[in-house]
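Right, one structure below, let's go through it.
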Amino acid sequence: MNIVEQIKTRLKEEIVSAILKANLAESDELPAIVLEHPKEKAHGDYATNIAMQLARIAKKPPRQIAEEIAARIDRDSAHIQKIEVAGPGFINFFLTNDYLANLVPAILRLGDKYGETQTGKGKKVQVEFVSANPTGSLHLGHARGAAYGDSLCRILEKAGYEVHREYYINDAGNQIHNLALSLEARYFQALGIEKNLPEDGYFGEDIVQFARELAEAEGDRLVKMDEEERLDFFRQYGLEKEMERIKQDLQDYRVEFDEWYSETSLYTSGKVAAALKKLEERGVTYEKDGALWFRSTAFGDDKDRVLIKQDGSYTYLTPDIAYHEDKFTRGFDLLINVWGADHHGYVPRMRAAVEALGYDVEQFKVEIIQMVNLMQNGEKVKMSKRTGKAVTLRELMEEVGIDAMRWFFAMRSADSHLDFDMDLAVSQSNENPVYYVQYAHARVCSILRQGRALGYDDTEDAVLAKLSSEKELELLKKLGEFPQAVDEAAERRATQRITNYVFELAAALHSFYNVERVIDEADPATSKARFQLMKAVQVTLKNALHLLGVSAPERM
RNA sequence: GCGCUCGUAGCUCAGUUGGAUAGAGCGGUGGUUUCCGGGGCCACGUCAUGCGGGGGUUCGAGUCCUCCCGAGCGCGCCA
């Protein structure tokens with residue numbers, strides 16, 4: 001348990017024991033003690049509203065209850081300097097600062113591990129994200145989903161969860177057939193043979209390029225091939241090339257996956273048939289108009305859904321149900337799906353399927369990633385200037401940089417629409433939050449370099465009680481909040497909790513820096529303590545930025 | 001028509017299981033420089049008829065319920 005958690009736990013225990021001592025409630029009717037971190041500094045380090053909650057049970061006015069509790073708290077054992085009863089019955093706790101001195105050595109000892117918590121220990125989470133069809137380049141919407149999903153995974157891991165990152169490849173079905181036809185047409189065209197793309201084909205530059213490479217490598221060998229054989233080839237080839245490109249884009253974007261799960265494999269392994277059989281056995285299917293239906297309305301969906309079409313083929317839903325059945329049988333405690341906003345209508349039927357298969361819907365979460373508007377010169381950018389098509393992930397990486405993208409996509413809650421300001425993202429100025437926080441890190445590194453040149457070091461004994469000025473204490477408190485920020489971000493699946501934390505920590509650092517001097521040769525004892533404080537800030541900033549996939553440069 | 005999401009300062013957005021005087025950045029104004037990185041810091045104020053509007057639940061509502069308005073998206077035997 002980290003230091004701040006220890007302090008809070010101790011305080012809660014002390015509050016409970018005070019309530020019991022005052023006979024305000026029996027232990028079995030006691031509500032959970034909530035400690036909050038008041039926004040107003042004048043309200044102390046922690047505050048609890050327990051007196052208001054007890055008003056009904058104890059049948060006394062909240063303020064009187066608060067006074068009775070406050071009087072019975074053992075201040076010394078809970079590191080309390082002062083207790084105040086305020087407002088309608090809040091109890092405000094002002095802590096002594098002695099515990100903060102332990103924070104710096106703890107952070108230095110933990111290093112990269114600082115911020116890790118035990119919250120998710122023993123829980124297996126599977127996160128499925130991006131899962132873009134392998135029929136073209138990743139673009140803007142995928143960029144947001146990838147940034148969010150990857151940061152979420154990193155945060156969950158930091159919070160102790162065992163995380164499995166997965167990309168579902170839709171490598172079966174119509175769209176792959178269309179990909180093959182499109183590639184075939186482009187290949188013929190590359191050889192100077194006229195051939196049209198199918199109406200719902202894919203017109204991307206990527207396919208033109210693949211076809212050109214193929215024409216160079218293979219000449220007209222494929223033209224002479226049997227048509228069915230040829231389409232098979234193009235299906236395989238197109239899929240391979242598209243996935244290769246997607247994987248490269250994601251890797252460059254600092255997004256990693258543990259598993260690339262093939263839809264086709266669900267068919268070949270018999271999992272689709274097995275899932276269908278399970279649904280039939282559970283009595284949630286029926287036949288109508290020559291098709292097989294899933295009675296999803298029995299589980300809250302708007303209408304029933306087709307599983308097997310009249311022509312005997314499956315709908316998209318069917319293998320997806322098999323996929324989720326498979327996820328559950330792999331023993332995950334929680335499944336998180338990150339989907340684009342255009343798929344939100346699909347959520348009720350998938351949830352219905354999860355329930356119909358006999359699983360707890362609470363273990364199935366869908367995070368909807370809202371739309372992104374690219375803004376440039378105050379106007380919406382509809383299409384790429386270069387290609388006239390949708391703006392790709394690759395183009396954005398080249399134009400605004402990975403750090404800015406990862407930060408901007410993580411900094412807003414996923415479920416609200418986002419205006420991505422390209423001008424701001426590329427600006428190297430204080431308007432740009434990602435530069436602001438990276439600058440803080442670079443500045444600290446610069447101080448550390450100078451300290452080391454004077455012989456300071458992280459491991460020597462320093463009198464950390466020297467860190468007692470207002471700015472130092474604020475900075476220490478902010479450093480101590482990191483594990484809690486990780487927990488909250490994981491719990492709410494809210495990446496913006498981390499960007500906000502990093503920003504606050506950077507601000508606390510700059511604010512300290514302007515008032516206090518770290519390296520002062522006239523006062524080596526204070527300098528040593530502050531040097532270690534700076535090292536702790538550097539470690540924490542770096543760890544927090546790492547959760548976002550944003551680099552922590554030592555120089556800028 | 002139905003459903004989902006959203007509506008908080010001039011702009012872009014935070015706001016933890018309902019809690020005290022609703023915040024941040026940017027934009028604006030004024031300070032700050034013999035100083036470890038001035039890409040910083042500090043202050044001000046706006047500007048919110050108090051969180052789109054009305055009603056309700058509650059000791060207490062931006063947060064929960066309900067109705068209305070507005071925006072986006074979705075409503076296929078497509079994927």
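All of these numbers come straight from a predicted model, not from anything done at the bench. Chain letters run A, B, ... following the sequence lines, proteins first, then strands; residues in each count from 1.
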Base partner of [N], which must satisfy Watson-Crick or wobble distances under 3.5 Å:
N     : result
B/G76 : none
B/A20 : none
B/U32 : B/G40
B/G45 : none
B/U63 : none

Quick one: what's the B/S/- string for [range], heavy-atom cutoff under 4.0 Å, read 5' to 3'?
range                        : answer
nucleotides 31-36 of chain B : ----SB
nucleotides 73-79 of chain B : BSSSBSB
nucleotides 24-30 of chain B : -SSS---

Can you name the residues that form a ring pair (Phe, Tyr, Trp, His ring centres under 6.0 Å) with [X], not counting sequence neighbours?
X      : result
A/Y161 : none
A/Y435 : none
A/F93  : none

Is there a donor-acceptor pair closer than 3.5 Å between any side-chain N or O of [X] and the backbone N or O of [Y]?
X      : Y      : result
A/Y501 : A/K478 : yes
A/H441 : A/P553 : yes
A/D403 : A/S551 : yes

Would you jot down, in residue-number order, the residues of [range] having a non-hydrogen atom under 4.0 Å from RNA chain B?
range                       : result
residues 475-484 of chain A : none
residues 139-149 of chain A : none
residues 485-500 of chain A : A/E488, A/R492, A/Q496, A/N500

Inset, instruction - Indicate yes or no: does A/D45 engage A/K477 in a salt bridge with an N to O separation below 4.0 Å. - result: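 A salt bridge links A/D45 with A/K477.
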
Inset, instruction - For nucleotides B/G50 and B/G15, find the distance between their C1' atoms and express it as a whole number of Å. - result: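 14 Å, rounded to whole Å.
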
Inset, instruction - Please state the C1' separation for the pair B/U8 and B/G70 - nearest whole angstrom. - result: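 About 15 Å, rounded to a whole number of Å.
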
Inset, instruction - May I ask you to evaluate whether A/Y435 reaches the phosphate of B/G37, defined as a side-chain N or O under 4.0 Å from OP1 or OP2? - result: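 It does not, given that no N or O in the side chain of A/Y435 lies less than 4.0 Å from OP1 or OP2 of B/G37.
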
Inset, instruction - Answer yes or no: does a side-chain N or O of A/S413 lie under 4.0 Å from OP1 or OP2 of B/A14? - result: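 Result: yes.
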
Legend entry - Side chain proximity check, A/M243 to A/W260, heavy atoms < 4.5 angstrom: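 Contact flag for A/M243/A/W260 side chains = yes.
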
Inset, instruction - Using a 4.5 Å cut-off on heavy atoms from C-beta on, say whether the side chain of A/L533 contacts that of A/L479. - result: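 A/L479 vs A/L533: side chains touch.
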
Give every pair of a protein N or O atom and an N or O atom of nucleotides 58-60 of chain B that lie under 3.5 Å apart, one pair per line with the distance.
none

Legend entry - salt bridge (Lys or Arg N to Asp or Glu O under 4.0 Å) involving A/E472 - partner list, sequence neighbours excluded: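 Result, salt bridge (Lys or Arg N to Asp or Glu O under 4.0 Å) vs A/E472: A/R530.
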
Legend entry - Pairs where residues 415-427 of chain A contributes a residue and the test salt bridge (charged side-chain N to carboxylate O under 4.0 Å, His left out) is met, not counting sequence neighbours: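 Every candidate salt bridge (charged side-chain N to carboxylate O under 4.0 Å, His left out) pair involving residues 415-427 of chain A fails, so no pair, neighbours aside, qualifies.
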
